[in-house]
Amino acid sequence: MPSRLGRAVRAYAAPLLILETFVLAFLAVALAQHVAWLAWRSTVLPHPYVCVPDGEGKWSIGIFRGPSPFDLQPLESAPSGQLPGRPYVTANPVLTCAHVHDVTSTFVADPFIVLRDNGKTVHLFYETKSHHNKQGDIGTAISSDGGATFQHVGIALDEDWHLSYPFIVEDGGETYMVPEGSGSGRLTLYRALAFPLKWTVEKVLIDAPLIDSSLFKHGNRWYLFASNRREKSSKNCRELEVWSSDSLLGEWVRHPQSPVRSWKQGSRPAGRPIVYNGQLYRFGQDCAVTYGHRVRAFRVDHLDTERYAETEVPFSVNGPLRPGVDWNGLRQHHLDAHQLSDGSWIAAMDGDSVESDHLSWAAAASAVRCAVAAVVAVVVALLAQAVLPRVSAWRLGGRGRPHSGDAKSKEEDSDGGAPGARDGRFTGSEEPPGVSDEHGGAGSTVRALQKRREPRSNTKGDAMESGHARAAGGGCAGGELPATHLPATGALLSTAHDTRQRRRELSRTRTHTLLLAVVACLSLWFLAATWPYWRANLLPAIMWYVRTWGPTPGPVMVNGSFSKFSVVVQSFEARRVTLAAFVSHYSRCASVGEIVVVWNKGVPPVPRDEWDYPPGMPVRVRAEALNSMNNRFQPDAALLYRAVLMLDDDIMMPCADIERGFQTWRQHPERVAGYYSRLLEGDPPQYQCLTQCEKYTYTSGRFNVVLSGAAFMDSQRVFADYFSDMNADGRAYVDRVFNCDDLLMNYVLAATMHGQQWGEYVRPSMRLDVGKLTSKRLSTGNFGPVRHACTRAFATMFGNPLLNRSFPLDFGPLGRPACGPAWLGCAFIGFGI
């Protein structure tokens, strides 16, 4: 290797290692800050679940409707989910542990329906697990709007043992309940004294620990499906028994074929047996993947007191789901379906978004991550401790200086020197005078003298080598030097020692230089070869970071119910990479019901071929004939939901912030709730800044514009007003400057709402504008002057509706964001200034 390269490596190796250590320390501090932020955030930001976590899951209950029990759609997809006076639908789940207010509940499951008033009033009975005694009780709730919303009434049944599966049956004008109470060792029938809260024991039906008993009348006889805890095959949902009786209160006998199904999934009952088109069907639990994984349906081909036969039939609810996102995305294990007087069907079903024992798995995963982080930290520390001193010594040795620990050299330095030596040592890369590598010359004499100064060895080889060196001493009797020659001999010994040391250092330098060069070449080759991959996956990596900024959030309740919304995003050909990351991220937010891409220019993308998103998420591309910024506000009858989140394709926020924004908008659905606010002042109101207008707004503490780049709105009202005849001139102006559609929306709202507040600000905890990574913008023109001109033009068109109108900014517990230079903007990392 050239000496220049060697000197460069020696000069920069230590600083580079120090820089790497600094980077690792920075990453460790950032990780610690991130963990601290998550802990702080959980105490400051509202959490969708007020329930106590439980290892059995987060079970909740939803309502489904459809023309048949085999064609059921979730509440948000049914007309009954759109309540009068609300511009947003009511969505599943309709009941969670958060609804249970009289006890601390960890989950609700096993729902059974009781219909009154032809389905207008719906009573719901279910298991609610108590956090205090870790056992199930039977709770009840009521709905007065056909099952769209429920209110928890109270605990209907509480025993000293675990209760679940509150099967409700009516006979002879009485209402009975047969809950699962196998912990008592028997099957007990309860009768309602004061429906729905007061019950009394009517009879012990069967003296056996039956699980999930489902009673029904078939022909002239009563039958019962159940699993028996005494059977080994009852474990993991793989055992089914049949019992029968002449009457509900009569003597029950076990079917001679029982267990009629054993060691097979789908055996354990999963809800009420039904009759559809004159055929009896039953539902069973499949626990192969995890407990309560899914519901399976079976057609009962033959049932009497002697024989039983069944055939499995296809069954699914709600189609594909998003595992870990949707409330029932991973588990569905119970169904109770009823036919209404109009022939349609209503059903209650429970579901879960996590696996059984998810807390144990999460704790184990956290422990593994912590262990890996600890091991990495220890390895980095050991490497730094081992490498940095060596590099420092290497650099010092390369300059011809002795090692600090070389005591022998220091002692020899004090003995004197020779001509051409400094402090008893020769410097430079040349050989000292009189020292040669030729055998038998002065070099041999020096080596022989050095051997005599070193400790003697007891080995035979060392003794022979020492004798050989003394024999080659050349004129020194007995191998001894005269005392008058000792100072010069010390100088020669020191010089020879340093020469060998320099040679060893030079050899190591060449080796290290070669290795560094090879590593550098390989690194450059790897980066060049994989650059297309990194370029294509940079935004997904950013999205992964945004998505994992906090725990995966669930939907947030407003007035006791959940909802769904559509995401509308406008994009074009040059932003395909950004759009792909956008769809991948937002398709995993719990309340997002669909994503609609307004395609302005270029060949429209094929969603499933080009984008990565869960199979249960509807994604639609709406190609426009005209490339216009107005297209995002086009009325669209195909939207699945009236509530719309308008987003630019380069704005990325965590799903938790999206859920909070949706919650804020539902509290005032007549307004537009957004994450970007601006303040226009003066007459006519306009920007009082050329750059950093967001910082100006936050400093002022007031706003009167909500930008549509990230905002919730009522699509029916806002879209209709935007494309009304009143706004024809405004839309034409936007097409002319290809900008300012977001400002125009605010002028239209201010003009139509007649003095009311039209905007609401939502402070995000984290927000990234990934559009800064690309030069392709949605709008064009000299941005600042164009938007100043827009405000003056819109004020003239609409009679100056923003004049002297502004609203206070509420930053909430997160505080006012910190804003930096113009190129950086305002930072949203969780903490206020």
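Side-chain atoms are counted along with the backbone in the values below, which use heavy atoms only and exclude waters and symmetry mates.
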Side chains of [X] and [Y], heavy atoms from C-beta outward: is any pair under 4.5 Å?
X	Y	value
D158	I138	no
R221	S244	yes
C97	T106	no
V122	I113	yes
T149	V94	no
Y190	L157	yes
L83	D145	yes
S353	W327	no

Is there a donor-acceptor pair closer than 3.5 Å between any side-chain N or O of [X] and the backbone N or O of [Y]?
X	Y	result
R230	L210	no
S258	V260	no
H162	G136	yes
E76	K564	no
W199	P196	yes
R307	Q257	no

For a quick test of reading the model, state the closest non-hydrogen atom pair linking [X] to [Y] and the distance between them.
X	Y	result
L303	Y308	CD1-CD1, 3.7 Å
Y291	C287	CD1-SG, 3.9 Å
G560	H99	O-NE2, 2.8 Å
P323	L330	CB-CD2, 3.7 Å
P166	M177	CB-SD, 4.0 Å
Y641	G593	CE1-CA, 3.5 Å

Exercise. Quick one: do D137 and E159 satisfy side chain to side chain contact (heavy atoms under 4.5 Å, CB included)? Show the steps, please.
Key: CA-CA 7 Å; D137 302 323; E159 296 284 13; over 6 Å; no
Are the aromatic ring centres of [X] and [Y] under 6.0 angstrom apart?
X	Y	result
F662	F562	no
H255	Y223	no
H101	H152	yes
Y586	Y613	no
F112	H123	no

Going by distance alone, is a donor N or O of one side chain under 3.5 Å from an acceptor N or O of the other, for [X] and [Y]?
X	Y	value
E355	T290	no
S262	E239	no
R229	S182	yes
D301	T311	yes
D304	H302	yes

Flag yes if more than 12 heavy atoms outside [X] fall under 6.0 Å of its [atom1] atom; otherwise flag no.
X	atom1	answer
K203	NZ	yes
N220	CG	no
D342	CG	yes
K134	NZ	yes

Self-check item: Sole residue of F216, F283, Y281 in ring pair (Phe, Tyr, Trp, His ring centres under 6.0 Å) with F225
Solution: F216
Roughly how far apart are [X] [atom1] and [Y] [atom2], rounded to 0.5 Å?
X	Y	atom1	atom2	value
R191	E174	CZ	CD	5.5 Å
I595	L640	CD1	CG	12.0 Å
S68	L72	OG	CG	6.5 Å
Y88	S563	OH	OG	7.0 Å
L205	W243	CG	CH2	10.5 Å
L197	I155	CG	CD1	9.0 Å

Practice problem: Test D350 against N328 for side chain to side chain contact (heavy atoms under 4.5 Å, CB included), laying out the working first. | Solution: CA-CA 7 Å; D350 59 8; N328 58 347; over 6 Å; no
Salt bridge check: are [X] and [Y] linked by an N-O gap of less than 4.0 Å?
X	Y	value
R186	D207	no
R261	E310	yes
R296	E312	yes
D326	R588	no
K58	D352	no
E56	K129	yes
R254	E241	yes

Exercise. May I ask you to establish whether R282 and F298 are in a cation-pi arrangement, using a distance under 6.0 Å from NZ or CZ to the six-membered ring centre and at most 45° from the ring axis?
Key: yes
Quiz item: Could you go step by step and tell me if L215 and L248 meet the side chain to side chain contact (heavy atoms under 4.5 Å, CB included) rule?
Solution: CA-CA 9 Å; L215 292 75; L248 180 62; 3.4 Å; yes
Quiz item: Between R116 and T121, does a side chain to side chain donor-acceptor pair (under 3.5 Å) hold up when you go through it step by step?
Solution: CA-CA 5 Å; R116 297 285 190 265; T121 301; over 6 Å; no
Exercise. Show the numbers, then the answer: is there a side chain to side chain donor-acceptor pair (under 3.5 Å) between E594 and S566?
Key: CA-CA 5 Å; E594 72 165 338; S566 300; 2.7 Å; yes
Quiz item: Hey, mind stepping through S164 and E180 against side chain to side chain donor-acceptor pair (under 3.5 Å) and telling me if it holds?
Solution: CA-CA 5 Å; S164 62; E180 192 272 296; 3.0 Å; yes
Quiz item: What's the verdict on side chain to side chain donor-acceptor pair (under 3.5 Å) for R331 and H293, showing C-alpha distance, side-chain angles and the deciding distance?
Solution: CA-CA 4 Å; R331 296 195 285 174; H293 174 59; over 6 Å; no
Practice problem: I would like to know whether Y165 and E127 meet side chain to side chain contact (heavy atoms under 4.5 Å, CB included); could you show each step before the answer? | Solution: CA-CA 6 Å; Y165 204 84; E127 172 197 356; over 6 Å; no
